[in-house]
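The structure appears below as structure tokens.
Just follow the structure's listing: the first ligand is 1, and inside any ligand the first atom is 1. All residue numbers refer to positions in the sequence shown, counting from 1. Keep in mind the model is a prediction, meaning the values are calculated, not measured.
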Amino acid sequence: MRLSRYFLPVLRDVPKEAEIVSHRLMLRAGMIRQQASGLYSWLPLGYKVLMKVQKIIEEEQNRSGAIELLMPTIQSADLWRESGRYDAYGKEMLRIEDRHEREFLYGPTNEEMITDIFRTYVKSYKDLPLNLYHIQWKFRDEVRPRFGTMRSREFLMKDAYSFDLTKEAAVAAYERMFVAYLRTYARMGLTAIPMRADTGPIGGDLSHEWIILAETGESQVFCHRDLLDKPIPGQDVDFRGDLKPIFNDWTSLYAATEEMVDMAEYEANVPEDKRVSARGIEVGHIFYFGTKYSEPMKASVTGNDGKETVVHMGSYGIGLTRVVPAIIEASHDENGIVWPVSVAPFEAVLINLKAGDAETDAACDALYAELTAAGLDMLYDDRDQGAGAKFTTAVLVGIPYQLILGPRGLKSGEVEIKHRKTGERETLPLTGAVARLK
Ligand code: ATP
Ligand code: MG
Ligand code: MG
Ligand code: MG
């Protein structure tokens with residue numbers, strides 16, 4: 001992408017309304033624009049990051065055996081009356097009436113709708129286990145939307161729903177999602193710790209919140225320090241096998257949110273020098289809730305004994321539009337964002353130090369074409385601006401690698417590479433550069 005032809009409205013000044021660093025940086029880097037309280041447009045750079053996050057989530061959900069579909073944002077009130085949640089959900093639900101005076105709502109979550117889909121088509125235990133997910137916008141009329149997309153009213157969520165014949169099978173489904181979540185956050189460069197959590201209005205008795213430690217987090221959490229650098233299961237983890245050993249290994253170390261913590265248990269289980277009591281951001285939440293929805297909504301299958309059995313369910317959420325600022329909270333410095341390569345809007349930026357100089361332009365154009373052809377997601381700062389402004393932009397928007405080329409490098413046949421994260425520099429011969437970077 002040529003920056004001269006791109007839409008990247010970076011802000012010079014620090015926006016006053018933004019209280020936390022990720023919100024300030026997302027505004028300054030031209031990633032988002034608030035349209036009304038808790039409603040955001042995702043500008044091109046922000047949208048690219050969001051889509052990279054989405055792709056990682058999809059790959060890991062699919063790897064674990066979950067199947068993607070798409071349900072609408074608007075749902076019928078009658079469906080929610082079946083589970084009893086239409087009245088119970090309260091003011092966070094945005095209620096809508098159509099021209100025929102029929103009642104609808106903008107979905108805050110999809111347990112009811114997915115249960116309706118399930119009961120329509122699935123009749124036999126032979127079709128289980130089943131895990132269906134979608135990535136769709138949700139609306140919750142938060143009392144206090146704040147921190148940009150960290151707590152917005154409209155937000156993008158991945159929500160998966162598992163269906164099983166028995167509690168034991170449903171717990172195995174839960175363990176598969178647990179492992180998929182470990183891998184998902186790690187691939188985004190995040191250390192997310194699963195913590196025993198309250199189930200809230202979703203209901204149920206087995207639940208973990210996925211927490212990023214950050215001072216700006218809204219909840220207080222308590223955990224064992226060793227959870228912070230525990231190795232993550234590899235790509236070859238067998239989702240058709242027994243994942244209980246991995247689940248047990250992770251959950252044997254104490255970790256709980258403030259609603260669930262028992263201080264005596266925490267202190268008894270965690271040696272003093274291993275205690276972490278900190279603020280955290282909830283980037284995901286998984287639940288096993290048994291027959292809470294399948295029972296009232298009559299979602300059952302015929303078992304191998306010929307009897308009708310109500311299915312056991314779980315649900316598994318990740319807030320994509322919260323994950324993006326959470327990554328920034330975890331990875332930035334005083335000059336801007338430091339993206340992990342996996343979610344960076346561009347992998348590298350080519351900085352033309354003397355745009356307008358025919359020779360430099362020609363060399364940069366050629367290098368850009370070569371890098372792009374080699375499959376690198378490149379930004380090319382070809383703007384007619386001074387080097388200082390170009391470095392400021394590259395650093396602010398957090399591109400992992402800067403490739404710097406000007407008349408001097410051209411003469412010696414070299415391009416300079418600077419790493420955003422470490423500040424390290426290296427010089428590569430222009431001819432071999434592409435092969436090195438691929
Ligand atoms: P919170 O405690 O922050 O209000 P929640 O517990 O109500 O979140 P869940 O119902 O567990 O949220 O939804 C699953 C995930 O969706 C959360 O873990 C979070 O990542 C995301 N999420 C929930 N509410 C919002 C919001 N208002 N803005 C952005 N993301 C959200
Ligand atoms: Mg909430
Ligand atoms: Mg919560
Ligand atoms: Mg939650």
Under 3.5 Å, N or O to N or O, is [X] touching ligand 1 that way?
X    : result
G319 : yes
H285 : yes
T321 : no

Determine whether the side chain, the backbone, both or neither of [X] has a heavy atom under 4.0 Å from any heavy atom of ligand 1.
X    : answer
R151 : both
E209 : neither
E282 : both

Could you list which atoms of ligand 1 come closer than 4.0 Å to a heavy atom of [X]?
X    : answer
V283 : 18 (O), 20 (O)
G284 : 18 (O), 20 (O)
E142 : 24 (N), 26 (C), 27 (N)
S152 : 26 (C), 27 (N), 28 (N)

Can T149 be said to touch ligand 1, with heavy atoms closer than 4.0 Å?
yes

M150 touching ligand 1 at heavy-atom level, < 4.0 angstrom:
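Within the 4.0 Å threshold, so yes.
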
Backbone N/O of M150 and side chain of R322: donor-acceptor pair under 3.5 Å
yes

Donor-acceptor pair, distance only, cut-off 3.5 Å: does the side chain of E329 make one with the backbone of S22?
yes

Do we get K48 above F346's six-membered ring, with its NZ or CZ under 6.0 Å from the centre and within 45° of the axis?
yes

Taking only Lys NZ, Arg NE, NH1 and NH2, and the carboxylate oxygens of Asp or Glu, determine whether [X] and [Y] approach each other closer than 4.0 Å.
X    : Y    : answer
D159 : K138 : yes
D236 : R63  : no
E111 : R85  : yes

Just how far is it from atom CZ of F178 to atom CH2 of W250, taken to the nearest 0.5 Å?
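If I round to the nearest 0.5 Å, the distance is 7.0 Å.
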
Assess the pair Y266 and Y254: is the distance between their ring centroids shorter than 6.0 Å?
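Yes; Y254 has its ring centre under 6.0 Å from that of Y266.
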
Would you say the rings of W80 and Y89 are close, in the sense that their centroids are separated by under 6.0 Å?
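Yes, close enough.
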
Restricting to under 2.8 Å, identify the protein N, O or S atoms around the Mg ion (ligand 3) as residue plus atom.
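Listed by chain and number, the nearby protein N, O or S atoms are E282 OE1.
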
State, yes or no, whether a side-chain contact exists between V311 and L165 at a heavy-atom distance under 4.5 Å.
no

Closest to atom 7 (O) of ligand 1 (heavy atoms only, candidates R140, R153, E259) is R140

In terms of the angle between their ring planes, are H285 and F287 parallel, tilted or perpendicular, with boundaries placed at 30° and 60°?
parallel

Taking atom types as modelled, is there a side-chain donor on E282 or W210 under 3.5 Å from an acceptor on the other?
no

